[in-house]
Amino acid sequence: GVARKLLSTYVPFLDKGIGSPINAFFNVLVRTGRTSCSKPNLQNLPRSYGIREAFVPRPNMTFCTVDYDTIELRALAQVHLNWFGSSSLADAFVNGEDPHLSLAAYFLKLPYEVAVVSRYSPDVKRMRQLGKICNFGYAGGLSAASWVTYARDYNVDLPENEKEAIRLADRLRGEWFSKWSEMRRYFGEIGKMTRSGEATITQEYSGRVRGGTSFCSAANTFFQGLTADGCKKSLFAFTKACYLAKPGDVLWNVRPVIFLHDEIIAEGPKESAHLWSAEMQRIMVDVMGGVLPDVPVSAEAVLMDRWYKNAEPTFSDGRLVPWKPA
C-alpha cells in the first residue's frame, strides 16, 4: 500500500541525503513546455507523511520559496489581450481582485466588496472553492460531466447524486462563461484550429512549436505553455544572478535548489535571508512581467527551515523570518 510505496520510492533517496545532497534529474522540456523531474520526482512528492519536511537546508542556511500567484490565469488573460484586445479576466487582475472570489461573488450575486468582507463565511468559502475549480477546469475545455470528476478530487461539497452534480456543474459553467465572456471567443478560435483534427501550435511569446494537440490540449497549452516559458526564463535569470554574485552582494552564496513549475525554492544564508529573498522575488516578478506585459504579476516570498508545503510569510519587527508550524 502507501507504506510500501514510501519505503521503496522515497526513503532510499532520503537515506542517501543524510550523507550527501540529493541531486534529482530534471528534464527541461516536455510536450506541455513544462519540466519533469525524476530520481526522485521532487515536483510530485506526497503532501503528507513528512517526505517534504525531511528536506532541510545546510547549517546556517534557510530555504526561501517564491510562488507565483494565480499565474496560469494571468497568462490566460494575457493571451486574451493578445488575441482580442480586451479581457474581463485581465480587468479583474488590474483591479486587484482575486478571480476565484470574484467568480464566487458572481455566483452568489453579491458585490465583490461584500464577498471580500464575507470571504470566510461558509457560503462564500464554498463558492470560492467551486469558483477556483471552475477557473482551472473550464479554462482547459472540460465538459460539465468531466468537471464533476475533476472537482471530486478536490473534496468539494457536491451533490452525491451524479445527475444533480452534473446539473450544478452545467449551471456553474454557464455562469462562468457569462463572467469571463471572452472564453467563448477563445474556445471558438481553438475550435477552428482543431476542426480538422490535431493541430500544430506556435506558442505565444517564445515561438516554441507543439504538434499533435487536441481541443483540450490546445486550450490549455496557450496559457500553460506561456506560464512554463515565463517560469523557466525567471529561473534562468535568478540562477544567473546567483552565480554572478560576488562577496558582499545580496545573492552571494544563494542557489536555487528545487524548481516546481511556477515556484522556485532557493537556499541561502539565514542571517541575510530577509534581503536575498526580496531580491529573488523582485527578479521573478520582473522577468515574468516581461512575458505578461499587460497583466499584473504577483509572487510571494516565504522563508522556512524545512520544506513545508503550507508555510506562509512570517514577519518579526517588519523583517521576513522563517515560518514555523504551530
Side-chain angles (χ1 to χ4, degrees), residues 6 9-10 13-14 17 21-58 61-76 132 136 140 153-154 220-221 223-242 251 254-268 273 276-288 291-292 297-313 320 322-323 325:
L6 294 174
T9 305
Y10 301 109
F13 285 103
L14 298 179
I22 293 174
N23 293 302
F25 173 78
F26 281 87
N27 176 0
V28 299
L29 183 62
V30 297
R31 286 194 69 211
T32 60
R34 284 184 157 196
T35 60
S36 63
C37 181
S38 59
K39 299 182 180 179
N41 183 359
L42 298 176
Q43 295 178 332
N44 195 30
L45 292 181
R47 288 178 175 270
S48 51
Y49 310 110
I51 301 298
R52 284 187 173 97
E53 289 81 358
F55 288 80
V56 296
R58 292 170 295 169
M61 307 287 268
T62 193
F63 286 148
C64 174
T65 175
V66 177
D67 189 4
Y68 287 111
D69 174 45
T70 53
I71 194 63
E72 287 193 346
L73 286 180
R74 294 172 193 266
L76 178 59
K132 181 177 182 179
F136 289 135
D153 289 339
Y154 287 86
N220 275 300
T221 202
F223 62 91
Q224 288 183 348
L226 184 59
T227 301
D229 290 336
C231 288
K232 284 191 281 190
K233 187 176 176 66
S234 296
L235 175 65
F236 178 81
F238 173 61
T239 303
K240 182 178 179 181
C242 289
L251 290 177
V254 176
R255 293 289 185 270
V257 290
I258 303 170
F259 181 58
L260 295 157
H261 304 305
D262 56 0
E263 176 184 359
I264 300 172
I265 299 179
E267 180 193 67
W276 62 259
S277 60
E279 179 63 6
M280 176 181 175
Q281 178 179 319
R282 184 196 66 78
I283 291 172
M284 289 176 62
V285 169
D286 284 357
V287 172
M288 186 63 80
V291 179
L292 312 182
V297 174
S298 173
E300 196 168 56
V302 180
L303 300 179
M304 51 194 179
D305 289 330
R306 287 181 181 275
W307 181 3
Y308 293 111
K309 182 62 181 173
N310 59 338
E312 297 178 352
L320 190 66
W323 177 88

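Residue numbers start at 1 and run along the sequence shown.
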Item to check | Nearest heavy-atom neighbours spanning Glu53 and Gly50 | outcome: OE1-CA, 3.2 Å
Item to check | Minimum-distance pair of heavy atoms, taken over all atoms of Asn44 and Tyr10 | outcome: O-OH, 3.8 Å
Item to check | Min side-chain heavy-atom separation Val287-Phe236 under 4.5 Å | outcome: no
Next on the checklist: Is the shortest side-chain heavy-atom distance between Glu267 and Arg58 below 4.5 Å?
Outcome noted: yes
Item to check | Val291 to Lys233 - nearest heavy-atom pair and separation | outcome: CG2-CD, 4.2 Å
Item to check | CG-CZ distance between Leu29 and Arg34, expressed to the nearest 0.5 angstrom | outcome: 13.0 Å
Next on the checklist: Please give me the minimum heavy-atom distance between Glu300 and Pro313, naming the atom from each residue.
Outcome noted: CD-CG, 3.4 Å
Checklist outcome for this item: dist Met304:CE -> Asn310:CG (nearest 0.5 Å) comes out at 10.0 Å
Checklist entry - Can you tell if the side chain of Phe259 reaches within under 4.5 Å of the side chain of Cys231, non-hydrogen atoms only? => result yes
Item to check | Whether Lys232 side chain and Thr35 backbone form a donor-acceptor pair below 3.5 Å | outcome: no
Checklist entry - Below 4.5 Å, heavy atoms only, C-beta onward: do Pro256 and Met280 meet side chain to side chain? => result no
Item to check | Within-4.5 Å side-chain heavy-atom neighbours: Asp67 and Asp262 | outcome: yes
Next on the checklist: What I'd like to find out is whether the side chain of Ile265 reaches to under 4.5 Å of the side chain of Glu263, using heavy atoms alone.
Outcome noted: yes
Checklist entry - Could you give the distance from CG (Asn41) to CZ (Phe13), rounded to the nearest 0.5 Å? => result 10.0 Å
Item to check | Atom of Gln43, atom of Phe26 and distance for their closest heavy-atom approach | outcome: NE2-CE2, 3.7 Å
Checklist entry - Looking at side-chain heavy atoms only, is the closest gap between Thr65 and Leu260 below 4.5 Å? => result no
Next on the checklist: Could you walk me through whether Trp276 and Thr62 satisfy the side-chain contact (heavy atoms from CB on, under 4.5 Å) test, starting with their C-alpha distance in whole Å, then the side-chain angles of each, then the deciding distance to 0.1 Å, before giving a yes or no?
Outcome noted: CA-CA 11 Å; Trp276 62 259; Thr62 193; 4.1 Å; yes
Item to check | Contact summary for Trp307 and Arg52, nearest pair of heavy atoms | outcome: CB-O, 3.2 Å
Checklist entry - Could you walk me through whether Leu45 and Lys309 pass the side-chain contact (heavy atoms from CB on, under 4.5 Å) check? => result CA-CA 10 Å; Leu45 292 181; Lys309 182 62 181 173; over 6 Å; no
Next on the checklist: Under 3.5 Å, is there a donor on one side chain and an acceptor on the other for Glu72 and Thr227?
Outcome noted: no
Item to check | Straight-line distance of Asp286 CG to Glu279 CD, nearest 0.5 Å | outcome: 8.5 Å
Checklist entry - Heavy-atom distance under 4.5 Å between the side chains of Ile264 and Val66, does that happen here? => result no
Checklist entry - Run the side-chain contact (heavy atoms from CB on, under 4.5 Å) check on Ile22 and Phe55 step by step: do they pass? => result CA-CA 9 Å; Ile22 293 174; Phe55 288 80; 3.7 Å; yes
Next on the checklist: Within this structure, what is the CD-CG distance for the pair Glu312 and Leu303, rounded to the nearest 0.5 Å?
Outcome noted: 13.5 Å
Checklist entry - Rounded to the nearest 0.5 Å, what separation is found between the CG atom of Asn23 and the NZ atom of Lys39? => result 13.0 Å
Item to check | Evaluation steps, side-chain contact (heavy atoms from CB on, under 4.5 Å), between Leu73 and Phe136 | outcome: CA-CA 8 Å; Leu73 286 180; Phe136 289 135; 4.0 Å; yes
